[in-house]
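Here is the structure we will look at, set down as structure tokens.
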Amino acid sequence: EYLLLRSYIDGYIPSKADLDVFNALGSVPQASLDKRPNLARWCKHMQSYTETDRKNFAACGKSYLGGAAEPAGDDDDDEMNLFGSSDEDEEASKVREERLAAYAEKKAGKTAIVAKSNIILDVKPWDDETDMAEVERVVRSVQAEGLLWGQAKLVPLAYGIKKLQISCVVVDDKIGTDFLEEEITKFEDLVQSVDIAAFIKI
């Protein structure tokens with residue numbers, strides 16, 4: 001941030017300080033400069049000067065590359081740190097970790113949305129002599145986590161035969177239509193077939 005409001009390292013004209021810092025930055029990877037637009041802008045500006053121009057740069061009484069120590073003063077603007085201190089890096093890392101931890105805690109505290117569906121089954125008997133009350137009883141005897149039986153009714157088919165139409169609510173991740181069909185058709189003495197009359201996402 002040192003070069004945010006400055007065109008030169010020291011003062012308002014190019015000086016030996018600019019030349020010293022520019023030469024020192026010759027080994028800095030371009031990727032590091034790309035992350036620091038103010039520094040990259042200054043480097044590009046320095047590159048525009050010819051060797052002759054650089055030889056005529058004004059002298060500078062301060063050292064910006066660890067030379068003679070300057071007397072301590074109250075003006076922090078005189079201190080240059082082009083790449084940021086390790087303390088700043090540690091502080092930024094700490095803040096980032098705290099934010100990530102807070103986000104993870106907030107996310108863990110949210111109740112997960114459970115996907116459910118309402119399914120209506122048509123359970124058909126073999127003939128008109130089948131005890132439909134018994135059919136409903138055995139159907140409801142199928143129990144599993146994520147399965148909740150609902151209302152049921154008898155619907156006429158033909159020749160006096162009625163089918164059992166029964167609804168249920170299922171948790172999609174736990175109960176599927178294949179499971180329901182397989183479990184109900186196990187009562188083969190009572191059940192001829194099972195069809196899915198409706199499948200509605202809740």
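- The closest side-chain heavy-atom distance from Leu100 to Arg96 is below 4.5 Å.
- Cluster annotation: Leu121 and Leu148 are assigned to distinct hydrophobic clusters (Ile/Leu/Val/Met/Phe/Trp/Tyr, side-chain heavy-atom contacts under 4.5 Å, transitive).
- For the pair Ala144 and Ile175, the tightest heavy-atom approach, listed with the atom from each and the gap, is CB-CD1, 3.8 Å.
- In Glu188, the CD atom is not crowded: 12 or fewer heavy atoms of neighbouring residues, nucleotides or ligands sit closer than 6.0 Å.
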Chi angles and distances behind the side-chain contact (heavy atoms from CB on, under 4.5 Å) call for Arg140, Ile166: CA-CA 9 Å; Arg140 291 184 182 277; Ile166 185 169; 4.0 Å; yes

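- Clustering ILVMFWY residues whenever any of their side-chain heavy atoms sit less than 4.5 angstrom apart, transitively, puts Phe187 in the very cluster that holds Val123.
- In summary, Glu183 and Lys186 engage in a salt bridge, as defined by a charged side-chain N under 4.0 Å from a carboxylate O.
- Clustering ILVMFWY residues whenever any of their side-chain heavy atoms sit less than 4.5 angstrom apart, transitively, puts Phe199 in a cluster other than the one holding Val171.
- Other residues, nucleotides and ligands place no more than 12 heavy atoms under 6.0 Å from the CD atom of Glu145.
- Closest approach of Met132 to Leu154, counting heavy atoms only: CB-CD2, 3.8 Å.
- Using a 4.5 Å heavy-atom cutoff, the side chains of Val142 and Trp149 are in contact.
- Tested against Pro125 for a side chain to side chain contact (heavy atoms under 4.5 Å, CB included), the candidates Leu190, Ile161, Asp131, Val191 yield a single pass: Ile161.
- Smallest separation of non-hydrogen atoms from Gln165 and Ala197: NE2-CB, 4.4 Å.
- Atom CG of Leu157 is separated from atom NZ of Lys163 by 5.5 Å, given to the nearest 0.5 angstrom.
- When every heavy atom of Ala152 is checked against every heavy atom of Glu136, the shortest pair comes out as CB-OE2, 3.7 Å.
- The 12-atom threshold is not exceeded at NZ of Lys162, counting heavy atoms of other residues, nucleotides or ligands nearer than 6.0 Å.
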side-chain contact (heavy atoms from CB on, under 4.5 Å) assessment of Ile119 paired with Thr177: CA-CA 8 Å; Ile119 302 175; Thr177 55; 4.0 Å; yes

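- The CD1 atom of Ile120 sits 13.0 Å away from the CG atom of Asp195 when rounded to the nearest 0.5 Å.
- Val114 and Leu147 end up in different hydrophobic clusters when Ile, Leu, Val, Met, Phe, Trp and Tyr side chains are linked at under 4.5 Å.
- Within the 4.5 Å cutoff, side-chain heavy atoms of Glu181 are placed close to those of Ile196.
- Among all heavy-atom pairs drawn from Asn118 and Ser167, the shortest one is OD1-CB, 4.2 Å.
- Leu164 contributes atom CG, which lies 11.0 Å from atom NZ of Lys153 (distance to the nearest 0.5 angstrom).
- Closest of all the heavy-atom pairs between Asp172 and Ser117 is OD1-OG, 2.7 Å.
- Within 6.0 Å of atom CD in Gln143, more than 12 heavy atoms from other residues, nucleotides or ligands are found, so the atom counts as buried in its surroundings.
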